[in-house]
Amino acid sequence: MPRFLLMSIYGLLGLVTEIGGSRLKPVLSGPSKAYLGSIVQFHCRVPGWSSPLTYELHKDAGDLIGAETGVTVTFHLPVTEGSEGKYYCRVTAEGQTSSVVQFHAVTPVVGASLSSSPDPPVLYEGEKLALRCLVRKGTHLSFTWYHDKQEVNASSDLYRLSGDALTVNAASERHSGTYSCTAQNQMEVNPRFSSSRNLFVTVKKHISTPKLSFTVFSNGSSLMANISCRSARGSPPVTFILLVDGLEMDVQRVDSLESWSIQPVSIGLDMGAAQCKVQADTQTLLSDPVRLHVVPVGGAVRVNVTYLYDADSVAAAAQLKCIPGRGTFPTFSWSLNHSSLPPEGAAYMLIHHGQILYLTDISSGHYRCRVRDSFNESSIWVESEDILIQKRDLAAMPMEVIALVFCGFLSVVIIGGSYFMFWYTKRKNNSGEHCSDRKFCPLISSCVFGRFSCCSFSFCQRMRAKSEAILMNEPAEISL
Ligand SMILES: *[C@@H]1O[C@H](CO)[C@@H](O)[C@H](O)[C@H]1NC(C)=O
């Protein structure tokens, strides 16, 4: 009996200790972050316990920060750099400690600025750009970037954002512009900001190989060449250097991609090979050479005619190109039946500075071109011969060619076969059809088209229909 009682008391005691132990587990609450210089409050209590207890606030390895007595106690803590750490509380004379509150002392942000690589921020396409948002002071920061006043989206594949850095691995022209950043303390209440000044980033384009060309003009007494040099792309400013036979003739630093230089030239005299060199920061490029040789117009003037056919093989248009025997700066003029053609007309176009006369609607007649030096209005015109342009004849041309090739092939087969048959029959009974040499188609039905004899009747029928249609100037839809 006493043994049973003893056991019961032990059991009861154990129960009480257990209840008491779990009831006396304190809870610490407090902020996880606060600015340096501010005062924070930590509260400690045992949930459900309404009698005053003495609580101790400890930090990290166990440093005692303070002790207070009450149902719920409050510890006031001025925040210094040393305040950072792990806090917990416990009930004095009880073993149980609270869970831990990790506390950070936050330095308010001040003095944001931008650093760039390269510095100064001028780079070429394809190069790397790295910007960093620096602060004079401040901890627990987040950064926001702006490009041309637009917030840079973290998921944009134009930029890479990481911590305080914005990087662009291969810059392009669109990365040029104004950048700024804002650093912010990561605080839910009362966040502090600091913004940098704007930084202007220049992404330059590489210069393309320059092209040199020249025109000539007379300044009254002598002939001058206007030699111009031009790069199709690139970022100015650039330096253009004009070289003639390797000698520097002119140097110009320009804020554009083109420069020109006036140099005297003599007609008919080769003044040498002109080249231009373009220089920009890291690049130097040289143009192809162009001979400074002004050849006056002379020699026989030819006209090259090209017909353009439509789907029905009807000559729809004609192109007349005027080619003088020589001359570097020719000017052209055209005439039809000895009256000159004005620069514009309903049925033609003048292209390539008048060198090409393009007849959009062929009017038959005698065409002629004449050429003289463009820089000398008193130079004499050199004329071509009359060129007869006719609409109707041309249309049949391709058909004749087709007929010729097709008939040639058929004739070889048929003549060969027929000759054999003829020879064979002749040998056999010594009697047979006799054909004239040009219309020699003894075995199958034949017909004659123009100068060609054809040995397929239906082919000839179609050829004939087509040729009639062409002669009557009607569109014909015949496929062979
Ligand atoms: C020379 O040519 C350039 C174009 O290539 C032109 O802009 C400029 O006005 C010309 N200069 C003269 C004096 O004709």
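Please read these numbers as outputs of a predicted model, since none were measured by experiment. In listed order, ligands and their atoms are each counted from 1.
Atoms CD and OG, from Gln184 and Ser142 in turn, are 4.5 Å apart once rounded to the nearest 0.5 Å.
Counting heavy atoms under 4.0 Å from ligand 1, residue Thr215 does not touch it at all. With a 4.0 Å cut-off on non-hydrogen atoms, Arg230 does not touch ligand 1 at all.
Of all protein heavy atoms, the one closest to atom 10 (C) of ligand 1 is Asn226 ND2, 2.4 Å. Atom 4 (C) of ligand 1 has as its closest protein heavy atom Glu258 OE2, 4.0 Å. For atom 9 (O) of ligand 1, the closest heavy atom belonging to the protein is Trp260 CZ2, 4.0 Å.
Applying the 6.0 Å contact sphere to CZ of Arg192 captures more than 12 heavy atoms from other residues, nucleotides or ligands.
Remark: the Ser208 side chain and the Arg233 side chain contain no N/O donor-acceptor pair separated by less than 3.5 Å.
Remark: Tyr348 engages no residue in a ring pair (Phe, Tyr, Trp, His ring centres under 6.0 Å) (not counting sequence neighbours).
Each of the atoms 5 (O) of ligand 1 lies under 4.0 Å from some heavy atom of Ser228. Listed by number with element, the atoms of ligand 1 under 4.0 Å from a non-hydrogen atom of Ile262 are 13 (C).
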Using distance only, find each side-chain donor-acceptor pair of residues 249-265 under 3.5 Å and give its atom names and separation, not counting sequence neighbours.
residue : atom : partner : partner atom : Å
Asp250  : OD2  : Gln252  : NE2          : 2.9
Asp250  : OD2  : Ser261  : OG           : 3.0
Gln252  : NE2  : Trp260  : O            : 3.0
Arg253  : NH1  : Thr239  : OG1          : 3.0
Ser256  : OG   : Glu258  : N            : 3.4
Ser256  : OG   : Glu258  : O            : 3.1
Ser261  : OG   : Gln263  : NE2          : 3.1

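Nearest heavy atom pair, residue Ser231 against residue Phe240, reads N-CZ, 4.4 Å.
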